[in-house]
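Report on the structure given below.
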Amino acid sequence: MEKEYDFLVLGSGIAGLSFAIKAADLGSVAVVTKKSKVESNTNYAQGGIAAVTDNDDTFESHIQDTLKSGAGLCKEDVVRFVVTEGPERIRELVEWGVNFTKMENSGPDTYDLGREGGHSRRRVLHAEDLTGREIERALIEKTASKKNITIFENFFAIDLICRSKLTGEKGATDRCLGAYVFDADKDVVHTFRAKFIMLTTGGSGKVYLITTNPDIATGDGVAMAYRAGAEIANMGFIQFHPTCLYHPDAKSFLISEAVRGEGAELRLKDGSTFMEKYHSMKSLAPRDVVAQAIDTELKKSGDEYVLLDITHRDTAFLMKRFPYIYNRCLEFGIDMAVDPIPVVPAAHYQCGGVLVNPFGQTTIEGLFASGEVACTGLHGANRLASNSLLEAPVFSHRAFLKAQELLPTVDTDSITIPPWDPKGATESDESIVVSNNWEEIRMCMWNYVGIVRSNKRLERAKRRIDMIAGEIEEYYRNFTITPNLLELRNIATVAGVIIECSCLRKESRGLHYNLDYPDRDDINWVRDTVVKKDSNGLDHKPIHIKGRDGPLTNNM
Ligand code: SIN
């Protein structure tokens with residue numbers, strides 16, 4: 001059942017499809033997606049794409065806002081090329097059919113720009129409040145026009161296939177040759193072989209109990225890359241979005257930061273404002289500041305939520321600018337033109353990920369990563385709002401250029417890949433193990449590895465997650481696979497990696513706040529926390545951490 005392509009793209013959001021569209025001009029492309037092709041994190045992005053498109057805006061201003069948000073940990077060269085190459089990628093998206101909202105009564109290319117937290121001015125291109133859905137629509141249409149692209153829906157990538165596992169070789173740089181992929185409709189596992197593998201599987205919000213992310217966000221890419229031996233960086237920096245709707249029937253519903261960009265203010269239940277105590281930008285401060293402020297206020301008051309108040313705007317404006325959010329809130333009995341919206345912080349974005357260089361290359365040859373799954377150095381310790389939809393096409397384009405350069409040199413055909421070995425697995429009669437462990441991991445991460453951490457909480461989380469991960473691995477080896485089991489295995493792996501990165505960082509910075517090290521330490525900690533699976537095959541053992549100044553010893 002071996003399927004052979006020049007390019008294997010895992011994931012079907014903006015990073016994956018923009019890469020596939022270009023790669024199709026070089027060779028055959030398989031796009032593998034675990035649900036339907038539109039079901040990606042991109043599809044749910046409300047806010048938009050931050051880019052310099054207005055004559056009054058400057059690259060330097062966008063660069064400085066990004067660096068400030070990143071709390072001293074962004075890689076400045078990366079920030080500079082993402083910002084300056086951004087407008088070209090935007091033009092490309094428009095050429096491929098993306099309709100960004102334009103200003104009324106103005107020139108044909110004058111976009112209506114939104115504002116979000118941490119931006120010093122309006123800069124965010126959007127398509128009403130469903131930007132991701134519009135991008136996904138256009139990219140899927142463009143993909144359909146490319147004969148060289150085959151999309152496999154309901155195909156779940158289980159693990160990457162790497163040369164070292166097949167040949168037993170140690171020491172040399174490893175090479176990725178493809179992936180084992182589970183066809184969930186037919187219950188069979190296929191071998192996908194490719195010259196280049198592009199990981200674009202999005203983030204891992206489902207590791208946490210409360211998240212703005214869709215159900216698919218189970219960290220599959222980070223988990224697979226980690227198991228394959230790639231270096232993973234900065235996974236302690238989990239961004240909590242300050243404003244997820246608080247309502248018993250609303251599952252993961254985000255109230256876009258663009259609402260605050262249009263003047264909404266955060267208030268306590270008694271109507272008083274509080275953000276002025278925390279930052280000069282008040283409700284539009286960078287996200288780490290706002291989420292931590294809300295968390296502090298909720299702990300102080302014992303309330304379950306704070307309020308987001310945009311009642312100074314009239315219905316006509318809100319229905320036009322935020323039609324999706326307005327109507328969804330109405331479904332829950334909240335008229336945002338009249339009632340302040342109850343909100344809470346929720347896990348939203350993984351700023352770390354699979355470590356890549358400026359061309360999206362991971363530490364395993366032949367394996368690229370782009371989008372939320374990758375750690376490029378753009379976001380540092382806290383992503384600036386709406387920078388991620390820009391980062392993805394910039395890095396996918398750069399990865400495409402690198403793959404084009406390397407393609408003639410790739411010769412992996414002589415390596416035989418054995419078919420998937422189910423190792424005598426039998427049907428499980430205890431699926432309760434899967435659902436129980438799902439809940440336990442997500443609760444544990446929410447309680448102990450959330451917005452505010454401490455050494456004790458992290459140690460507690462580590463003990464529990466290690467134990468659960470062991471139990472899941474045993475279950476995975478003994479019973480036949482299902483998508484639920486594969487996702488559970490992945491969130492357990494990713495939870496372990498988040499904990500390891502959080503334990504390594506002995507300071508507070510950006511999205512990582514540890515009560516035992518409350519201050520930022522610019523002398524010792526302007527460095528990434530990088531973990532890699534132990535070469536003996538043990539999980540959750542960081543072998544080193546390193547920064548721009550070279551390796552540090554692991555002093556945990
Ligand atoms: C939002 O609309 O608030 C989310 C945008 C983002 O996370 O960049």
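Order of appearance sets the numbers: ligands from 1, and atoms from 1 within every ligand. Scope of the values below: all heavy atoms of this structure, side chains included, with no hydrogens, waters or symmetry mates.
- When atom types are taken as modelled, the side chain of Arg260 and the backbone of Ser283 share a donor-acceptor pair closer than 3.5 angstrom.
- Cation-pi geometry between Arg133 and Tyr324 is satisfied (NZ or CZ under 6.0 Å from the ring centre, within 45° of the ring normal).
- The list of salt bridge (charged side-chain N to carboxylate O under 4.0 Å, His left out) pairs with a residue in residues 385-403, not counting sequence neighbours, reads Glu85-Arg398, Lys402-Glu405.
- Scanning both residues, Gly72 and Val526, for their nearest heavy atoms gives O-CG1, 3.5 Å.
- Using cut-offs of 30° and 60° for the angle between ring planes, the Phe400 and His397 rings count as tilted.
- Contact check for Cys503 versus Ile499: side-chain heavy atoms found under the 4.5 Å cut-off.
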Enumerate, one pair per line, all nitrogen or oxygen atoms of ligand 1 lying under 3.5 Å from a protein nitrogen or oxygen, stating the separation to 0.1 Å; write 'none' if no such pair exists.
unit_1   : atom_1 : unit_2 : atom_2 : d
ligand 1 : 2 (O)  : Gly47  : N      : 3.0
ligand 1 : 2 (O)  : Ser256 : OG     : 2.6
ligand 1 : 3 (O)  : His241 : NE2    : 2.7
ligand 1 : 3 (O)  : Glu257 : N      : 2.6
ligand 1 : 7 (O)  : Arg287 : NH1    : 2.9
ligand 1 : 7 (O)  : Arg287 : NH2    : 3.2
ligand 1 : 7 (O)  : His348 : NE2    : 2.7
ligand 1 : 7 (O)  : Arg383 : NH2    : 2.6
ligand 1 : 8 (O)  : Arg383 : NH1    : 2.8
ligand 1 : 8 (O)  : Arg383 : NH2    : 3.3
ligand 1 : 8 (O)  : Ser386 : N      : 2.7

